[in-house]
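Letters A, B, ... mirror the listed sequences (proteins, then strands); counts begin at 1.
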Amino acid sequence: MTNTAFSTSVLNWYHQHGRKHLPWQQDITPYRVWVSEIMLQQTQVTTVIPYYLRFMERFPTVQALAAAEQDEVLHLWTGLGYYARGRNLHACAKAIVEQHGGEFPRSVDALADLPGIGRSTAGAIASISMGIRAPILDGNVKRVLARFYAVDGWPGSPAVQKDMWDIAERLTPAHSFREYTQAMMDMGATLCIRSKPACGICPLQPDCQGYASGKPTQFPHSKPKADKPEKHTWMLMVRNRDGHWLLQPRPQTGIWGGLWSFPEADSEEQAQQQAQLRFGTQIDQLESLGSFRHTFSHYHLHIHPLRISLNSNPLQIGEAGVHWYNPEQPSELGLAAPVKKLLHLPD
DNA sequence: AACCCGGGGCA
DNA sequence: TGCCCAGGGTT
């Protein structure tokens with residue numbers, strides 16, 4: 001599908017189904033579009049409408065807004081959330097009046113230098129209210145494009161974000177970009193919604209790679225979970241002459257709280273040291289069993305078992321509450337999953 | 001309860 | 001550059 005076919009398709013849809021009666025779509029001026037875009041940044045259309053109407057009634061011009069007390073601006077913002085938007089809006093109005101003669105600068109870059117206006121909002125103001133062809137990439141557009149191209153990777157990452165801006169730029173038509181911009185936002189807001197998108201009535205469906213994948217809602221990919229750190233532990237698998245294993249209770253809190261486990265050490269050296277200290281000459285054989293990985297919700301644990309065979313059956317080794325576990329007649333104890341696995345490892 | 005969102009601010 | 005924050009709404 002060519003870029004032109006894409007935008008034509010989107011524009012046709014807009015003429016039939018797009019939203020054209022929202023308050024900020026009437027009497028289109030940079031000021032009115034700007035206020036609406038800021039309000040719409042993190043807030044849905046239906047929530048914004050009453051705030052927008054009240055705001056416009058009280059501050060019909062950028063001069064009126066610039067002259068207001070911050071308290072009054074924030075009062076009209078109360079309930080919208082993200083109050084930095086309201087403070088930036090006020091600061092931006094002052095900047096426009098004091099530094100730009102009361103007129104919005106007529107370029108995307110100059111707009112984006114103003115407080116609270118980033119690249120996407122600048123693109124929306126320019127393309128909707130100034131006759132300047134400029135792409136936008138708000139959440140709605142991002143979703144439409146990520147699905148259409150089945151974009152891999154999280155759009156928040158710099159590389160993917162750059163790709164998506166390039167796509168947005170490429171697809172923005174030379175003419176009718178005001179309607180196109182509106183249309184893309186409308187499609188994202190009404191058809192290509194986060195869950196249960198209306199692919200059945202979407203004009204882009206025949207060429208949509210997200211639809212073709214069978215799982216359009218997996219795009220855009222969600223923010224990757226924080227990387228799980230890799231941790232290591234050495235487990236001393238101490239076996240007495242009868243083939244029973246030494247277990248000791250874990251603290252009540254933390255990982256495996258209250259379960260039974262092998263004595264542990266933070267390194268191979270410490271593990272050897274601990275073994276020498278506790279069992280010394282009773283050690284018959286000591287062998288590394290290699291390691292395996294156990295995953296928790298928040299980290300990966302590499303477990304390095306160290307099998308230590310004793311030439312005796314120590315009765316008392318100083319610590320209270322240790323347990324000698326007989327795999328032939330397993331006691332009913334709480335065991336961490338990897339510990340249980342190790343206890344029943346074939347020789 | 002988890003997730004979402006444009007831009008600002010800070011390390 | 002990357003990371004965290006803000007808050008109300010949706011799922």
Side-chain angles (χ1 to χ4, degrees), chain A residues 22 24 30 33-52 54-55 70 73-96 104-105 108-129 134-147 151 153-165 167-169 181-182 184-198 210 215-229 297-298:
Chain A
L22 299 171
W24 43 89
V33 170
W34 166 58
V35 172
S36 74
E37 285 299 325
I38 301 300
M39 286 187 172
L40 289 165
Q41 272 173 8
Q42 277 84 4
T43 315
Q44 297 222 330
V45 166
T46 51
T47 307
V48 162
I49 288 175
Y51 284 88
Y52 181 80
R54 255 182 291 152
F55 202 91
Q70 175 175 291
V73 177
L74 292 184
H75 173 67
L76 286 182
W77 207 271
T78 300
L80 266 184
Y82 282 95
Y83 299 96
R85 291 185 294 168
R87 293 197 305 273
N88 283 330
L89 194 82
H90 192 213
C92 184
K94 288 183 165 178
I96 287 166
F104 280 76
V108 172
D109 287 348
L111 284 168
D113 280 341
L114 291 163
I117 301 182
R119 184 173 175 187
S120 188
T121 302
I125 296 170
S127 64
I128 293 174
S129 75
I136 68 162
L137 193 61
D138 72 352
N140 288 318
V141 176
K142 216 179 281 177
R143 190 164 51 250
V144 173
L145 296 180
R147 284 181 182 161
V151 171
W154 174 54
S157 71
V160 177
Q161 185 165 37
K162 184 193 176 301
D163 288 350
M164 300 208 63
W165 271 111
I167 293 170
E169 162 69 34
T181 298
Q182 269 301 328
M184 288 296 283
M185 295 194 288
D186 285 359
M187 287 184 62
T190 64
L191 279 188
C192 199
I193 55 180
R194 195 147 67 86
S195 19
K196 301 183 185 169
K215 294 189 170 182
T217 54
Q218 73 179 317
F219 305 98
H221 291 336
S222 50
K223 180 182 172 135
K225 305 287 175 215
D227 276 1
K228 296 177 181 175
S297 58
H298 50 309

From [atom1] of [X] over to [atom2] of [N], roughly how many Å is that when rounded to an integer?
X: Glu37(A); N: dC5(B); atom1: CD; atom2: C1'; result: 13 Å
X: Arg143(A); N: dC5(B); atom1: CZ; atom2: P; result: 7 Å
X: His221(A); N: dC3(B); atom1: NE2; atom2: P; result: 16 Å

Out of Leu89(A), Thr43(A), Ile125(A), which residue meets the side-chain contact (heavy atoms from CB on, under 4.5 Å) rule with Ile38(A)?
-> Leu89(A)
With sequence neighbours excluded, residues passing ring pair (Phe, Tyr, Trp, His ring centres under 6.0 Å) with Tyr51(A) =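 Per chain and number, Tyr51(A) pairs via ring pair (Phe, Tyr, Trp, His ring centres under 6.0 Å) with no residue.
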Quick one: label [X] by what it contacts on the DNA or RNA (base, sugar-phosphate, nothing), any heavy atom closer than 4.0 Å.
X: Leu114(A); result: sugar-phosphate
X: Leu137(A); result: nothing
X: Arg85(A); result: nothing

Atom pairs and distances, donor-acceptor, side-chain atoms in residues 184-194 of chain A, under 3.5 Å, two or more places apart:
| from | atom 1 | to | atom 2 | distance (Å) |
| --- | --- | --- | --- | --- |
| Asp186(A) | OD1 | Arg19(A) | NE | 3.0 |
| Asp186(A) | OD1 | Arg19(A) | NH2 | 3.0 |
| Asp186(A) | OD2 | Arg19(A) | N | 2.7 |
| Thr190(A) | OG1 | Asp186(A) | O | 2.7 |

What pair of heavy atoms forms the shortest contact from Arg147(A) to Pro197(A), and how long is it?
->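 Heavy atoms only, the tightest pair is NH1-CB, 3.7 Å.
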Could you measure between the two C1' atoms, the one in dG8(B) and the one in dG9(C), and give it in whole Å?
->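 Straight-line distance between the two C1' atoms is 22 Å.
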Report yes if the side chains of Thr217(A) and Lys196(A) come closer than 4.5 Å at any heavy-atom pair, otherwise no.
->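 The answer is no, as the side chains (C-beta and beyond) never meet within the 4.5 Å cut-off.
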Taken to the nearest 0.5 Å, the spacing of Ile117(A) CD1 from Glu37(A) CD works out to 10.0 Å
5' priority, DNA chain B, between Ser120(A) and Arg194(A) [closest heavy atom] = Arg194(A)
Listed nucleotide nearest any side-chain atom of Tyr82(A), set dC5(B), dG8(B), dG7(B) = dC5(B)
When the nearest nucleotide of DNA chain C is assigned to Arg87(A) and to Gln44(A) on a heavy-atom basis, which residue is associated with the more 5' position?
-> Arg87(A)
Interface limits on DNA chain C, where chain A has a heavy atom under 4.0 Å of a nucleotide atom |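 For DNA chain C, the relevant span reads dG2(C) to dT11(C).
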